[in-house]
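One structure below.
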Amino acid sequence: GIVAFTLMVAAIVVLSIGPLLSGGIGLDLESENEAGMTLEGGVIHVEMPFTVRNDGFFDINDLTVSFTFMNEDGDVLAVSEGEPMDIPAGKETEVAIELALDLYDLDRQVRSDLIFNGTEMMFDAEISAKYTLDMVQLSVEAGSDMGWGPFVSDLQVEEWNVQPLEEGDDRFVLVPFSLRADDVLNGLETYAVTEYRDEDGYTSNFTQTVQLSQQVYETAKVPLSQEAYGRLMNGTANATVRTTLYVLDCSTFDEGYLNMGGGGG
């Protein structure tokens with residue numbers, strides 16, 4: 001009887017390792033439920049659903065899926081580990097990866113790339129489980145790349161739409177600019193600085209708050225001196241306007257050339 005039981009256990013172990021190593025556990029990041037992402041105080045919270053399948057012959061016990069997210073340079077940005085789960089043979093279950101990425105923990109250049117440029121992200125997945133009545137414990141690792149698009153994009157100074165403005169004795173130049181922001185930043189209040197500079201070395205700037213949304217269109221009202229305003233209007237200013245947007249202690253800018261007397265830049 002003891003010999004027969006030993007042989008039976010050996011057979012179960014052989015049968016179970018085969019399906020496990022040949023794809024008995026399936027990990028599917030495609031789900032009918034969309035990933036959710038929110039921003040709270042500089043921390044991005046991500047909940048991403050995925051499906052785990054047991055394509056083998058035996059139940060899987062205490063299966064744990066761990067994810068390590070890295071940028072393209074291999075810097076670890078966040079680590080997430082799911083709760084242990086049991087999956088009967090031939091069944092599947094959907095679980096969610098919960099990830100917290102504190103942007104202020106990142107190097108400023110890395111944070112700036114994530115916000116304004118996007119980057120290639122890499123993730124390593126490690127699946128560990130007990131198999132066949134807890135007699136076998138194995139770990140399987142896999143990795144993949146995925147694109148991480150910019151949160152803020154298309155900042156554009158519309159120098160062709162710049163307008164001079166006279167209000168009593170005061171002179172201004174109105175500089176429109178636009179940008180786009182991802183939904184995760186919707187409602188975030190930040191600020192922009194628009195600077196005017198002409199060939200004579202005159203500079204002036206205007207700072208304003210900007211509330212981010214999918215489509216932002218703002219106008220900076222930059223004050224000018226009488227002399228600078230005159231140079232702008234008679235076409236001798238050779239001026240530039242630059243708008244710098246600040247988001248989570250990082251910045252990006254766009255600029256354009258002005259020549260009002262010549263009909264626009």
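Not measured: the values here are computed from a predicted model.
Rounded to the nearest 0.5 Å, atoms CD (Glu227) and CZ (Arg171) are 11.0 Å apart. Put simply, CG on Asn117 and OG1 on Thr252 are 7.0 Å apart, with the number rounded to the nearest 0.5 Å. In this structure, CZ on Phe253 lies 11.0 Å from OG1 on Thr243, to the nearest 0.5 angstrom. Here the CG atom belonging to Asp198 is positioned 8.5 Å from the CG atom belonging to Asn238, to the nearest 0.5 angstrom. Of the inter-residue distances, the one linking Arg108 atom CZ with Cys250 atom SG reads 6.0 Å to the nearest 0.5 angstrom. From Glu255, atom CD reaches atom CD of Gln156 across 13.0 Å, with rounding to the nearest 0.5 Å.
Val184 pairs by the side chain to side chain contact (heavy atoms under 4.5 Å, CB included) definition with Met37, Leu39, Phe151, Asp182, not counting sequence neighbours. Not counting sequence neighbours, the partners of Asp107 by the side chain to side chain contact (heavy atoms under 4.5 Å, CB included) test are Gln109, Val110. In this view, Asp200 and Arg231 satisfy the salt bridge (Lys or Arg N to Asp or Glu O under 4.0 Å) rule, not counting sequence neighbours. Partners of Glu167 under the side chain to side chain contact (heavy atoms under 4.5 Å, CB included) rule, at least two apart in sequence or in another chain, are Leu165, Phe172, Lys221. Not counting sequence neighbours, Gln208 has no partner by the side-chain hydrogen bond (donor to acceptor under 3.5 Å, both in side chains) test. Remark: Asn205 pairs with Val193, Glu195, Thr207 by the side chain to side chain contact (heavy atoms under 4.5 Å, CB included) rule, at least two apart or across chains.
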Legend entry - Leu212 vs Leu179, side-chain contact (heavy atoms from CB on, under 4.5 Å): CA-CA, chis, key distance, verdict: CA-CA 9 Å; Leu212 298 182; Leu179 61 104; 3.9 Å; yes

Inset, instruction - For Val79 and Val76, run side-chain contact (heavy atoms from CB on, under 4.5 Å): C-alpha distance rounded to whole Å, both residues' side-chain angles, the deciding distance at 0.1 Å, then the answer. - result: CA-CA 8 Å; Val79 177; Val76 175; 4.0 Å; yes

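At least one side-chain heavy atom of Pro176 sits under 4.5 Å from a side-chain heavy atom of Val162. Counting heavy atoms from C-beta on, the side chains of Thr38 and Ile44 never come closer than 4.5 Å. Residues Tyr196 and Val173 are in side-chain contact: their nearest non-hydrogen atoms beyond the backbone lie under 4.5 Å apart.
A distance-only check finds a donor-acceptor pair linking the side chain of Asp254 to the backbone of Val157 [under 3.5 Å]. The backbone N or O of Gly256 sits nowhere less than 3.5 Å from a side-chain atom of Thr240 that would complete a donor-acceptor pair. A donor-acceptor pair is defined here as one N or O able to donate and one able to accept, closer than 3.5 Å; such a pair exists between the side chain of Gln226 and the backbone of Asp169. Proximity of a side-chain donor or acceptor of Arg111 to a complementary backbone N or O of Leu248 within less than 3.5 Å is detected. When atom types are taken as modelled, the side chain of Asp113 and the backbone of Phe116 share no donor-acceptor pair closer than 3.5 angstrom.
Connection of Val247 to Leu101 is established within a shared hydrophobic cluster, with ILVMFWY side chains joined at heavy-atom distances below 4.5 Å, either directly or through further cluster members. Hydrophobic cluster membership differs between Leu174 and Val210, with clusters built from Ile, Leu, Val, Met, Phe, Trp and Tyr side chains linked at under 4.5 angstrom. In this structure, Met233 is a member of the same hydrophobic cluster as Tyr202, with clusters built from ILVMFWY side-chain heavy atoms closer than 4.5 Å. Under the 4.5 Å side-chain heavy-atom criterion for ILVMFWY residues, no single connected hydrophobic cluster contains both Leu106 and Val43.
Looking at Asn186 and Gln214, their side chains never bring a donor and an acceptor atom within 3.5 Å of each other. Using a 3.5 Å distance cut-off with no hydrogens or angles, the side chains of Thr244 and Ser251 do not pair a donor with an acceptor.
Listed here is the closest heavy atom pair of Pro150 and Ser153: CG-CB, 4.2 Å.
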